[in-house]
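Letters go in sequence order (proteins before strands), and every chain restarts at 1. Side chains included, hydrogens not; waters and symmetry mates left out as well; all remaining heavy atoms used.
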2 protein chains.
Amino acid sequence: MQITGNALIETSQFTWPKGFSADSTHAGFKPDQDDMGWLYSSTPASSAGVYTTNQFQAAPTKLTKQTINLAHQLQAVVMNSGNANSCNGTQGETDALMMQKMAAERLQIDPKLVGIASTGVIGEPLPMDKIKAGISQLKLTENVGVTKAILTTDTHPKTITVKCLIDGQKVTITGFCKGSGMIHPNMATMLGFVTTDAAIAGVELQQLLSTTVDETFNQITVDGDTSTNDMVVVMANGAAGNQPLTKDAMDYPTFVSAFKKVLTHLAQEIAGDGEGASKLVEVNVSGAYDHQESQQVAKAIVGSNLVKAMVFGEDGNWGRIMQAIGQTSAHVDLNGVSVAINHLQLVHNSLGTGIEDDKVAETLKQHKVVIDVDLHAGKATGTAWGCDLTYQYVQINASYRS
Amino acid sequence: MQITGNALIETSQFTWPKGFSADSTHAGFKPDQDDMGWLYSSTPASSAGVYTTNQFQAAPTKLTKQTINLAHQLQAVVMNSGNANSCNGTQGETDALMMQKMAAERLQIDPKLVGIASTGVIGEPLPMDKIKAGISQLKLTENVGVTKAILTTDTHPKTITVKCLIDGQKVTITGFCKGSGMIHPNMATMLGFVTTDAAIAGVELQQLLSTTVDETFNQITVDGDTSTNDMVVVMANGAAGNQPLTKDAMDYPTFVSAFKKVLTHLAQEIAGDGEGASKLVEVNVSGAYDHQESQQVAKAIVGSNLVKAMVFGEDGNWGRIMQAIGQTSAHVDLNGVSVAINHLQLVHNSLGTGIEDDKVAETLKQHKVVIDVDLHAGKATGTAWGCDLTYQYVQINASYRS
């Protein structure tokens, strides 16, 4: 990504913010890659989280939520891939607590300052010997291995570092995440971690995270399925030395923009790396009755299997976009809808413009496909991100455990 | 299908009920198969319909709905495949009216007694020369070609004839339908036609259809997408000579069972013939808080891409069934859920039973996969039908128009 219009906000090489350490190791969940890691702040950090809405919330997710809600403070997060410790009943809860305790002992901090995260297969007991071995191997380093250690079917790590100036101090916001299948609105199947050296109170941070997630992570969908484990956790340790940020601080809008830039990038990265995906699809809805309906319609289009297969097939069959709009309950001017793909107008006043199929097929060859829809029912706008539906998606999910 | 427990109800060879004729012809929408057809009753028949909930309801669907709502009477339905006459604006509405008028003139009946149905590509003008040629070629015969002429991506016609005794008279109920992709609750992308020689008033017929559709066609899903065109139309011409059926008639329950048997069979046929499907999936939910939630959960499971891909992959990854349950808002005993596939219990009290993967893989090789789920949250039960997600689904929908 490039420097934004706002010169105070720029992306940079991946780096941990001041006062943060990390590490990763191979604990044996996966054949030969790192599968455990942690994040550590030299001082307790203001912390906030958002969590899956799936009713079967996994033990690590529940425990991290409870821990953060105690005082909105964390000093470390320890994580593993390869096993989700989900649907494991009371044993799963005992194991999650033990994982938290082991990490706290190794770091010599209060367990109430340790978050945990697990991702992988559901319903298999967490092998505590591996967790124990992994934690004993983890060190406090600058290395970025943890951004790989949490991956499951992802094809690459998803990271970003954004820097901005907050009352004269250089503030760094660094985020990374995993998520490829089971991606859907409401925090499903995705782990996201954002660290910053900004000073901001936990409650303010929680409000900012919850609002920003609605516009970013909750607007991506790969397959409409939601999982049991996933969450986004933010830690802000104040090492940058700015005045603690509040809503009325002069530079608060700058921090908000920088923070949203981080989450937007990570969300798009996940959508574009959806299981088997060959293209990133962005749907921008305008002319909606209200914001909620604009988000609903954008997600309905980006989530439609028929639209996703159409993008994969590079076939401008716009009727499928109309049916995806029509199946929502959103206000729509039924004779006023326009649809464009990569700025080629396919539909005007709900009628095909007669644009040549091969022109549309040509633009659909691009890796990023942008669908613009105007409902002519109001002034609200919204955006959602997803990917195409490919043979590889089916293949990956037909044999996930093999 | 075999004779049911109720000896008064039996399926038989496909045959039109007394007083019904049909025919099909090649009007040129498709390269070389019949693509137009009609149904005709020698006398005006009590009629009822249910229609897509998609906001972009196609012109033929709207017109047939208006026509039936005039007096719940039809004498004929004319239909074409290859073009949906959807999203064609006022021209589409003019063409639909013309199609109705042409059929009425050819049959020398009132246009207000003619329903029309179109299915195929959205957003291309209906070629009226082909419609005109087709109608001029159609005759009044016994042949069953119309059951093929309405097909799009279906691999085979879907038909059933059920006979029952209503106050001593043999009553025949014959149904056929098309539908393969864009199949989802609420009457989407599906055309269904049921003819019977039973005597029953139009209003009673409408009530019976609406209730029965909720339990049958609205409980199938192939891809979660809903279309603009589709409907189920029933015609009852009374030629069997029974006393007009009312709710308090002694044999009303017999007719209801026979009618439901027809719609259930057609719904299952559609689910099993979903685009690219290799398996029929039936999900039975018990222990639900209420009926609506049992139906919601059954549909969530059968509609989950991850569950569908798992069935295709013959991989008993039951965690995906749990996540599909958990993503609904239904009441669930989070520690009490049980899940079985083809009667192999995979989950008890929300925990894996440790059953061997290869046992599950073995049973998943069957063409019909039955998933039984008990939510332990009440007494209500519900069923939904769907299919697996295969490479062929993606292939078909990546190149539907090619």
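The contact between A:V337 and chain B is made entirely by side chain atoms (from C-beta outward), counting heavy-atom distances below 4.5 Å.
Smallest separation of non-hydrogen atoms from B:L351 and A:N88: CD2-C, 3.4 Å. Counting all heavy atoms, side chain and backbone alike, A:L334 lies closest to B:F56 at O-CE2, 3.5 Å.
Distance check, rounded to the nearest 0.5 Å: OG of B:S86 to CD of A:Q323 gives 9.5 Å. In this structure, CG on A:N335 lies 10.0 Å from SG on B:C87, to the nearest 0.5 angstrom. We find the OG1-CD distance between B:T328 and A:Q55 to be 5.5 Å, quoted to the nearest 0.5 Å. We find the CD1-CD1 distance between B:I321 and A:I122 to be 11.0 Å, quoted to the nearest 0.5 Å.
Heavy-atom contacts from other residues, nucleotides or ligands closer than 6.0 Å to NZ of A:K65 number 12 or fewer.
Of the listed residues (B:A84, B:G92, B:G123), the greatest number of heavy-atom pairs within a distance under 4.5 Å of chain A belongs to B:G123.
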